[in-house]
Protein chains: 2
Amino acid sequence: MTIPRAAKTLRRTRIQEEKEEQILEAALDVFSASGFRGSTIDQIAEVAGMSKPNLLYYFRTKEAMHRALIDRVLYTWLEPLRAFDAEGNPEAEIRSYIRRKLEMARDFPRESRLFANEVLQGAPHIEDELKGPLKELVDEKAEVIRAWAKSGKIVKCDPYHLIFSIWSTTQHYADFDVQVRAVLGQEHSGEGRFEDAARFLEQLFIGGLRPDPLEA
Amino acid sequence: MTIPRAAKTLRRTRIQEEKEEQILEAALDVFSASGFRGSTIDQIAEVAGMSKPNLLYYFRTKEAMHRALIDRVLYTWLEPLRAFDAEGNPEAEIRSYIRRKLEMARDFPRESRLFANEVLQGAPHIEDELKGPLKELVDEKAEVIRAWAKSGKIVKCDPYHLIFSIWSTTQHYADFDVQVRAVLGQEHSGEGRFEDAARFLEQLFIGGLRPDPLEA
DNA sequence: TGTAATGTTTACCAATCGGTCAAATTATCC
DNA sequence: GGATAATTTGACCGATTGGTAAACATTACA
């Protein structure tokens with residue numbers, strides 16, 4: 001009798017690697033475009049170019065596919081924030097954080113939308129990740145920012161809301177891409193909008209965080 | 001033979017008003033939480049407290065319900081931007097725009113999520129509204145901002161990206177509420193977070209848009 | 001090369017989907 | 001109060017949903 005599920009095998013074969021990769025790629029396409037509830041296994045199967053039971057051979061359920069996808073993407077997604085360096089120059093750190101986040105919005109919009117869909121619908125599948133690893137990382141970086149503010153390197157401000165504002169402004173260009181393009185019109189919808197956005201956001205945040213000269 | 005659809009009657013009865021109201025209220029609950037594809041008529045019927053065929057007596061299709069809901073909410077949603085006054089003081093106008101948008105995120109999060117879901121998933125049902133009325137309104141207000149920048153009342157910047165950044169930072173507190181609360185932790189998840197956000201955002205935007213003293 | 005494990009597919013299932021129908025119930029108005 | 005229009009519902013429809021069973025095909029490896 002054969003062991004019916006790839007998950008139960010101990011060593012992963014070459015085919016397993018390839019097919020799981022192929023499936024997660026398709027799943028990213030579909031989940032990011034329709035959210036968990038709005039996506040169907042059939043859609044993913046079609047995009048992946050294989051039969052539905054074949055998908056379910058590699059991932060027992062729709063939830064398992066979604067979870068595997070999230071696990072795979074989450075670590076990478078937090079990389080820019082992790083790179084935030086306490087020792088660095090505040091202005092340069094914030095500038096490069098904005099730039100990195102904007103690059104991710106441009107180059108990995110599906111990943112951004114995957115999380116956006118999930119969080120927007122109440123984060124039923126990633127609540128633990130938000131309250132655990134994400135919160136810990138943000139707490140750590142918020143402490144860095146707080147120290148910068150205290151020492152007068154940047155203006156006194158709430159570090160959490162600063163981080164939220166960088167997240168929201170940058171991810172906006174991935175998550176609300178259709179709206180951004182609709183408003184900018186055809187003539188400004190080229191990739192140049194990311195450079196314009198970078199210029200504006202750097203100006204906004206650098207100017208808005210410049211330490212108050214009266215305090216010192 | 002009775003006319004089978006309420007939509008075909010010329011005068012709306014009291015019952016029609018009430019039930020349509022009741023349905024749209026339930027539809028807002030469900031659509032904002034799961035997006036169009038992820039929502040079902042049965043869910044809406046249950047929330048509305050009536051049978052599915054009864055819903056379909058007032059709105060022939062799921063799409064019709066969604067459309068009616070969007071039409072009803074869109075105008076109100078754009079009210080704060082419409083109130084943006086060219087004659088006013090730039091700093092005060094921007095400050096009050098931020099405040100109004102934040103109030104809406106706090107008081108009408110479902111409306112915010114309704115649009116967020118829709119836009120996030122490619123805006124298949126509101127593309128026309130985005131490219132038409134929304135774009136026109138934004139174009140008009142962008143011109144106002146551009147004039148302020150030109151006359152040195154605020155720093156020279158791209159007005160469209162300024163508007164995007166106000167939208168994204170404020171709506172973030174509605175659309176990503178779960179994430180905001182998870183990161184802030186239980187102790188800072190009271191309604192005070194909206195005041196903290198308002199304080200930070202006003203500081204950021206007022207500081208970031210202050211005209212460069214070197215130019216004048 | 002044989003064979004056991006791995007991978008793939010066709011056919012299918014019960015549950016749920018959006019939506020219809022006709023019958024039953026309720027409100028309106030003379 | 002009775003006729004007529006408006007409203008409500010249970011039963012139902014075909015299509016789609018997530019997922020299964022089992023036969024079939026392929027691969028890896030001795």
Side-chain angles (χ1 to χ4, degrees), chain A residues 1-27 29-31 33-69 121 124-125, chain B residues 1-27 29-31 33-69 121 124-125:
Chain A
M1 191 203 196
T2 76
I3 299 170
R5 298 291 176 187
K8 289 188 179 174
T9 63
L10 295 178
R11 282 187 39 200
R12 288 157 54 94
T13 68
R14 174 184 51 84
I15 292 183
Q16 271 172 44
E17 305 262 9
E18 288 175 5
K19 289 299 166 82
E20 287 178 10
E21 168 66 34
Q22 201 175 328
I23 291 169
L24 289 180
E25 165 67 23
D29 244 52
V30 175
F31 281 134
S34 306
F36 182 78
R37 289 218 49 193
S39 302
T40 72
I41 302 183
D42 296 79
Q43 285 173 11
I44 299 173
E46 198 187 331
V47 173
M50 56 181 91
S51 68
K52 178 167 65 173
N54 203 0
L55 284 205
L56 292 162
Y57 173 73
Y58 292 101
F59 299 94
R60 305 155 104 93
T61 64
K62 188 177 152 184
E63 297 233 7
M65 280 179 39
H66 191 252
R67 164 135 303 274
L69 184 58
Q121 306 193 357
H125 306 95
Chain B
M1 197 216 217
T2 76
I3 298 169
R5 297 292 176 185
K8 289 187 179 176
T9 64
L10 294 179
R11 281 188 38 199
R12 289 158 53 94
T13 69
R14 175 182 50 84
I15 294 184
Q16 272 172 43
E17 305 263 8
E18 286 175 7
K19 289 299 166 83
E20 286 177 13
E21 168 67 34
Q22 201 176 327
I23 292 170
L24 289 181
E25 165 68 22
D29 244 53
V30 175
F31 282 135
S34 306
F36 182 78
R37 287 218 50 193
S39 302
T40 72
I41 302 183
D42 295 79
Q43 285 173 12
I44 300 173
E46 198 187 332
V47 174
M50 56 180 91
S51 68
K52 179 166 63 169
N54 203 1
L55 284 205
L56 292 162
Y57 172 73
Y58 291 101
F59 298 94
R60 305 154 106 93
T61 64
K62 187 177 152 185
E63 296 233 9
M65 280 178 39
H66 191 253
R67 166 136 300 273
L69 184 57
Q121 306 193 358
H125 306 94

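Quick note on labels: first sequence line is chain A, next is B, and so on, each numbered from 1.
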Consecutive-pair stems (at least three Watson-Crick or G-U pairs, under 3.5 Å) that include DNA chain C: C:1-30 with D:1-30
Please check the phosphate of D:dT7 (OP1 and OP2 only) for any side-chain N or O of B:Gln16 closer than 4.0 Å. yes
Can you tell me how far the CZ atom of A:Arg67 sits from the CD atom of A:Glu63, to the nearest 0.5 Å? 8.5 Å
Which atoms form the tightest heavy-atom contact between A:Lys62 and A:Arg37, and what is the distance? NZ-O, 3.8 Å
Let me check something: any side-chain donor-acceptor pairs from residues 40-52 of chain A under 3.5 Å, sequence neighbours excluded? List them with distances.
residue : atom : partner : partner atom : Å
A:Thr40 : OG1  : A:Gln43 : N            : 3.0
A:Ser51 : OG   : A:Asn54 : N            : 3.4

Rounded interatomic separation in angstrom, taking CG from B:Leu56 and P from C:dA22: 16 Å
Interatomic distance where CE belongs to B:Met65 and P belongs to C:dC17 [whole Å]: 14 Å
May I have the distance from A:Glu17 (atom CD) to D:dT27 (atom P), rounded to whole angstrom? 17 Å
Euclidean distance, atom CD of residue A:Glu18 to atom P of C:dT6 [Å, nearest integer]: 17 Å
Rounded to the Å, how far apart are A:Ile41 CD1 and D:dT17 C1'? 8 Å
Each nucleotide N or O in nucleotides 8-14 of chain C that has a protein N or O under 3.5 Å away: list the pair and distance.
residue : atom : partner : partner atom : Å
C:dT8   : OP1  : A:Lys19 : NZ           : 2.4
C:dT8   : OP2  : A:Asn54 : OD1          : 3.3
C:dT8   : OP2  : A:Tyr58 : OH           : 2.7
C:dT8   : O5'  : A:Asn54 : ND2          : 3.4
C:dT9   : OP2  : A:Ser51 : OG           : 3.2
C:dT9   : OP2  : A:Asn54 : ND2          : 3.4

Search all heavy atoms of A:Leu55 against all heavy atoms of A:Ile23 and return the closest pair with its distance. CD2-CG1, 3.4 Å
Let me know the distance between CG of B:Asp42 and P of D:dT9, rounded to the nearest Å. 14 Å
Should the pair A:Phe36 and A:Phe31 be assigned to parallel (<30°), tilted (30 to 60°) or perpendicular (>60°) ring geometry? parallel
Atom of B:Met65, atom of B:Ala27 and distance for their closest heavy-atom approach: CE-CB, 3.7 Å
Taking CD from B:Gln22 and C1' from D:dT8, how many angstroms apart are they, rounded to a whole number? 13 Å
Rounded to whole angstroms, how far apart are NZ on B:Lys62 and P on C:dG18? 4 Å
List the residues meeting side chain to side chain contact (heavy atoms under 4.5 Å, CB included) with A:Glu21, not counting sequence neighbours, and say none if there are none. A:Arg72
For A:Glu25, enumerate each residue passing the side chain to side chain donor-acceptor pair (under 3.5 Å) test, keeping only those at least two apart in sequence or located in another chain. A:Arg110
Rounded to the nearest 0.5 angstrom, the CD-OH distance for A:Glu20 and A:Tyr57 is 10.0 Å
